Amino acid sequence: MASERAIGRYRRWYSRLLRLYPLTFRRRFGEPMAQTFTDLIRERRDSNRGLHAFALGTFAETTAGIMRENMTQLMETKNVIRWGRWVLVTAAVLAVPALAMALQLGTPDPGSEAAGAVDWGPIDFAIIGILVLSAGLLYEYASTRAGSSAQRIATGIAVAAGLGLIWVNLAVGMIGDEGNPANLMYVLVLAVALIGAAVSRFAPREASAWMFATAGTQVAVALIALVAGLGPTLLADAFFVAAWVASGLLFRQASLTAAAAG
Amino acid sequence: MAGKPHDTPLTPAVLHILLALSTDERHGYAIMKQVERESHGKVRMGPGTLYGSIGRMMTAGLIRESDKKVDPAMDDERRIYYRLTGAGRKALRAELDRYREVVAVAREKHVTPIAVADGI
């Protein structure tokens, strides 16, 4: 029966939609909600009423619920404190170059013209501030979806590796200097990691595969740079590849543990 | 709602869920159908509203999961049934009393739906 196939398809889509709920809510109500949706759509089918408009309406209604539950969770006091913590971390990170500039100290920095001199402009502060804060908030968001400490550590490593890769490229460049256009190849590495995060929504099994793919992309970029004689910093590449692989292994571990726990 | 659930007005969704559970333990789909029946089709809740409300009601101690698991008429054993708690019954009673008081005041003032509609 054609509608049976449609029901199966809508069930799968609805189950995917439910993954956008906060982890605690999903664990508690994910299965009953999927079951209720199946009951409702079967009822529609049995009474010969249209499935498509009904499914669309239910998806919209559930999406509103997802937004409400995520917002409720974000506004819980403990979460506001966690998010606020990253504002402080960002301020602390930015305080280092600001203090160095005030004291005229020579430390490595992404914005200096002369080697050893700390000379950040407002744009440097803005870029690094946004990067650190975004990475922190991304980590916090992903942590709310993490079911184990292995998954949280894997997320932390991945976010730190992504932040580090951007920072190194802005500061000194992985290939040549920061102005070398060959460094744009590393956008591919970040794109794979970001697409992976978006597609997998940090679900451990899928995230693991995406982290290995990210490591593979970075290996490919380093090899291309090596073969083309662009002079890549292989030690730095090896460091980031190790970080992506470590993240992938930890996500895999989290996935196996979750599977064993049923 | 968490502290003294019967002291504050309930949302329409919470009131309807309490009413639906006042006569029997029910799972999500059965609650939806009961609400629809009792409201003569005027109130229809989607799964997002229903389970969001159920979550908040469980946190507030108005309802809890029941041990009952299988509806013989249904084919899935994963259904979760919900039942009223003592606090839930109190909250329902308090809300219905509040409604009765409001209706009594309206009667005293001779305010009827027709009078309101006519701007009297």
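Note that this is a predicted model, so its numbers are computed, not measured. In what follows, every chain begins at residue 1, and chains take the letters A, B, ... in the order their sequences are listed. Just the heavy atoms: all of them, side chains too, but no hydrogens, waters or symmetry mates, feed the values below.
Other residues, nucleotides and ligands contribute more than 12 heavy atoms inside 6.0 Å of the CG atom of L184(A). Taking a 6.0 Å sphere around CZ of R44(B), one finds it holds 12 or fewer heavy atoms contributed by other residues, nucleotides or ligands. More than 12 heavy atoms of other residues, nucleotides or ligands shown are found within 6.0 angstrom of CZ on R44(A). No more than 12 heavy atoms of other residues, nucleotides or ligands sit less than 6.0 Å from atom CZ of R205(A).
Under the side chain to side chain donor-acceptor pair (under 3.5 Å) criterion, T36(A) pairs with Y51(B), not counting sequence neighbours.
Residues M58(B) and F29(A) form a side-chain contact, since some pair of their non-hydrogen atoms from C-beta on lies under 4.5 Å apart.
The pair K33(B)-D39(A) does not meet the salt-bridge criterion, since no charged nitrogen lies less than 4.0 angstrom from a carboxylate oxygen.
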- prompt: How far apart are the C-alpha atoms of L50(B) and M33(A), what are their side-chain angles, what is the distance that settles it, and do they pass the side-chain contact (heavy atoms from CB on, under 4.5 Å) test?
  reply: CA-CA 9 Å; L50(B) 175 71; M33(A) 282 186 83; over 6 Å; no
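Separating the CD1 atom in I80(B) from the CZ atom in R28(A) is a distance of 9.5 Å, to the nearest 0.5 Å. Between atom CE of residue M32(B) and atom CD of residue E43(A) there is a gap of 10.0 Å, rounded to the nearest 0.5 Å.
Heavy-atom minimum distance, T58(A) versus P47(B): CG2-CD, 3.7 Å.
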Report, one line per pair, each donor and acceptor closer than 3.5 Å where one atom sits in a side chain of residues 153-165 of chain A; sequence neighbours left out.
from, atom 1, to, atom 2, distance (Å)
T155(A), OG1, Q151(A), O, 2.7

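Proximity to chain B is limited to the side chain of Y14(A), based on heavy atoms less than 4.5 angstrom apart.
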